[in-house]
2 protein chains.
Amino acid sequence: MVFQFKVQINEGLFIRNPEDTELGRKILKHSVQMIHQLGFEDFTFKKLAEEIHSTEAGVYRYFENKHKLLIYLTSWYFSWLTFHIKFITNNIENNKDRLSKVISLLAKPIEDDEQTSYIDESLLHSLIVAEASKSYLTKQVVENNKQHFFKPYQDICNLIGDFILAYNPTYKYPKSLASTIIEVAHFQNFFMHNISSLTDFSKKKQESQLVEFLSDLVFSSIEQRRDKG
Amino acid sequence: MVFQFKVQINEGLFIRNPEDTELGRKILKHSVQMIHQLGFEDFTFKKLAEEIHSTEAGVYRYFENKHKLLIYLTSWYFSWLTFHIKFITNNIENNKDRLSKVISLLAKPIEDDEQTSYIDESLLHSLIVAEASKSYLTKQVVENNKQHFFKPYQDICNLIGDFILAYNPTYKYPKSLASTIIEVAHFQNFFMHNISSLTDFSKKKQESQLVEFLSDLVFSSIEQRRDKG
DNA sequence: TTTTAATTAATAGTATTACTATCATAAATA
DNA sequence: TATTTATGATAGTAATACTATTAATTAAAA
């Protein structure tokens, strides 16, 4: 039996569901590759259309604009991550071990998941590190939030927040700490690869140092509060 | 005696120094206002030119493009912040008090500084919270870093990193913690105003809660390590 | 003072982007 | 067979991000 992972994405993010058709899946696959390669600013629907031997108008039939495509990909990533976190923490009783697993998963490079043929999770992770912030750092963020475009981000923060509370029920800022773990994992990763002077990570063992930095940050904070009560 | 604050900005960021002429200062002042108002994506040199009753080509004589203007403003902000941190921590001997002051300064809204007439620091701070990441989240980041465009960010991380080391000389990640303080201050501020479900900050006392969250995060981490030695 | 050189302003123009609209055709379905 | 649905092909538009040209003004040199 092959177990197929399927994400539920907010319908306001697309015009036609790209997972339903061959062309749609091609759009997803190649947009991940091209945004990763060109950066979001230089990526255009025209270039994408040429790459997949379709037309600009063809792409517009799936996505209203490239910003919605970016939010779509971010949603996809967070939904996939939430699923993965639930999977790897399943049956782990110890609250500290569970949180450790989550931090490691977030801070280390992602490997491609064979279960989804049309999205390369490893590429998508690199893309997210560099581009995901742009999905909400806009003037339309409040409007987009009202349309629940960031729900997958909220879901993963709630999940990690619950893990934090399970470890220490008196900790006062579980959701802020959860969003902090995610964001710090992303931009420290970006800095160490691109502006390394903003970090303390040496060329070797970068990822394990990032895991140590983040783990230290999170656990000392939660544990301290638990002691204080 | 009037004490005038003057920033030294990397010459590669502008074509003509905007601080030297009336038109240049108008460009700075109104670009802060307009980027804050429209967001970076919808801000154009044409709109700016109309606002200041000059021409598009006139603006292009000062800045090559709007991305360099954004890096200029980010540099200006970090240089100004570094100056301010040195000012308010001057004569404070206690290492913990000093770090506390820095965290409060970063996490609270900035008030306009009368010393610089053409830039409203309060507006600039809002702009930085929403837009600063876009100055480095690009495909040109490594190239830009080689040109030392992010030096003011490095300087402030080194300064805060030194404060961290003064408090605990054995802490292993002073620069990563410094950049984390800055980034967390920014995006938690953005989240609490725009996607509040990603934080735990109530409508009231938001800023003081953010200060508490950040202080707790930073000090528990540094102090724990000091105990462990 | 006059001429010349340099700077700045104003206007036009171009390639690209981010779309929208229309019509044709092929494939799937009722 | 009729008809819905998906894709393709082509064209068109307003705005963006610039560049280039020429005109006007100012400053420096003869």
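All values reported here derive from a predicted model rather than from experimental measurement. When reading the values below, keep in mind they use all heavy atoms of this one structure, side chains included, and skip hydrogens, waters and symmetry mates.
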Side-chain N or O of B:Thr44 closer than 4.0 Å to phosphate OP1/OP2 of D:dA17: no
Residue B:Ala57, side-chain atoms from C-beta onward, closest of C:dT20, C:dT17, D:dA20: D:dA20
Ring centroid separation A:Phe78 to A:Tyr153 under 6.0 Å: yes
Lys/Arg N to Asp/Glu carboxylate O, B:Glu41 vs B:Lys134, below 4.0 Å: yes
Divergence of helical axes at both termini of the helix from C:dT1-D:dA30 to C:dA30-D:dT1 - five pairs an end, 10° steps: 0°
Separation of C:dC19 C1' from A:Ile15 CD1 (nearest whole Å): 11 Å
Positive for side-chain hydrogen bond (donor to acceptor under 3.5 Å, both in side chains) with A:Tyr118, one of A:Glu19, A:Glu22, A:Arg25, A:Lys26: A:Glu19
Plane angle bin for A:Tyr77 and A:His186 - parallel if under 30°, tilted between 30 and 60°, otherwise perpendicular: tilted
Proximity to the side chain of A:Tyr62 - top-ranked nucleotide from D:dT7, D:dT16, C:dA21: D:dT7
Interatomic distance, A:Asp42 CG vs C:dA15 C1' [rounded to whole Å]: 15 Å
Sub-4.5 Å side-chain heavy-atom contact between B:Ile119 and B:Lys29: no
Interatomic distance, B:Lys26 NZ vs C:dT8 P [rounded to whole Å]: 16 Å
Ring centers of B:Phe201, A:Tyr173 separated by less than 6.0 Å: yes
d(CG, A:Asn17; P, D:dT5) in whole Å: 16 Å
Below 4.0 Å: OP1/OP2 of D:dA17 and any side-chain N or O of B:Lys66: yes
Any A:Arg61 side-chain N or O less than 4.0 Å from OP1/OP2 of D:dT7: no
Side chain of A:Asn65 - closest among C:dC19, D:dA17, D:dT7: C:dC19
Among D:dA6, D:dC18, D:dT10, the nucleotide that comes nearest once only the side chain of A:Thr55 is considered: D:dT10
Comparing B:Glu56 and B:His53 on DNA chain C - which has the more 5′ nearest nucleotide: B:His53
Residue mapping more 5' on DNA chain C - nearest nucleotide basis, A:Lys47 or B:Arg16: B:Arg16
Close aromatic pair by centroid cut-off 6.0 Å: A:Phe191 and B:Tyr136: yes
